[in-house]
Amino acid sequence: PAQAVAHRLSGPFNFGPRSTACRPSLDDMFLSPVLLRNKSKRLAVKLVSSVQTGFRYWTHKSPLKRDTRVALLKYDPIVNRHVMFYETPISKPA
């Protein structure tokens, strides 16, 4: 059993003091264009709150609906209610 525990700790998710340099920060994970680089044909879409709180959702849509604009009624935790979220263009990284 002790060897099994040591084996589990030495796996790819070892969060020891040396592994922090290899891990991306939370900002890098959520702000990077990883969502845009996958092999899927589905399009990444950013939905922004209509009450202009700055809150946003990320989702995908079908490539057949490329010309239509997505509008969804979703929860905005800043105003604590359901509001309309509209698709906005995704800014490409420089």
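The analysis underlying the following values was restricted to heavy atoms, covering all of them including side chains, and did not include hydrogens, waters or symmetry mates.
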Undergrad: If you take all heavy atoms of S49 and D76, which pair is closest and at what distance?
TA: OG-OD2, 2.8 Å
Undergrad: Taking CZ in R69 as the centre, count heavy atoms belonging to other residues, nucleotides or ligands within less than 6.0 Å. Is the count above 12?
TA: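 Count over threshold, so yes.
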Undergrad: Kindly indicate whether a cation-pi arrangement holds for K74 with Y57, taking the cut-offs as under 6.0 Å to the six-membered ring centre and within 45° of the axis.
TA: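 Output yes; distance and angle both within limits.
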Undergrad: Would you say V48 and F55 make side-chain contact, with heavy atoms under 4.5 Å?
TA: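 Of all side-chain heavy-atom pairs linking F55 with V48, none is under 4.5 Å.
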Undergrad: Specify the closest pair of heavy atoms between T68 and K61, including all atoms of both residues, with the distance to one decimal.
TA: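 Closest heavy-atom pair between T68 and K61: O-NZ, 2.8 Å.
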Undergrad: Heavy atoms only: give me the nearest K46-W58 pair and the separation to one decimal.
TA: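 Closest approach of K46 to W58, heavy atoms only: CD-CZ2, 3.8 Å.
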Undergrad: If hydrophobic clusters are built by linking Ile, Leu, Val, Met, Phe, Trp and Tyr wherever their side-chain heavy atoms come under 4.5 Å apart, do Y75 and V79 end up in the same one?
TA: yes
Undergrad: Quick one: list whatever passes ring pair (Phe, Tyr, Trp, His ring centres under 6.0 Å) with Y86, sequence neighbours left out.
TA: none
Undergrad: Taking all heavy atoms of V83 and all of S50, pick out the closest pair and write down the distance.
TA: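 Answer, listing the atom of V83 first, then S50: CB-OG, 4.2 Å.
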Undergrad: Could you tell me whether the side chain of T88 reaches within less than 4.5 Å of the side chain of L47, counting heavy atoms only?
TA: no
Undergrad: Where do L43 and R66 land on the side chain to side chain contact (heavy atoms under 4.5 Å, CB included) test, with the steps shown first?
TA: CA-CA 8 Å; L43 304 170; R66 179 186 304 258; 4.0 Å; yes
Undergrad: How long is the gap from CG on N80 to OG1 on T53, to the nearest 0.5 Å?
TA: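 N80 atom CG to T53 atom OG1 measures 12.0 Å (nearest 0.5 Å).
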Undergrad: A44 and I90: which non-hydrogen atoms are nearest, and at how many Å?
TA: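 Shortest heavy-atom contact: O-CD1, 3.0 Å.
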Undergrad: Output the distance between atom CG (L64) and atom NZ (K41), rounded to the nearest 0.5 Å.
TA: 11.5 Å
Undergrad: Find out if a path of hydrophobic residues (ILVMFWY) with successive side-chain heavy-atom gaps under 4.5 Å connects I78 to V51.
TA: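 Same cluster.
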Undergrad: Hey, what do you get for CD (E87) to NZ (K65), rounding to the nearest 0.5 Å?
TA: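 That separation rounds to 12.0 Å.
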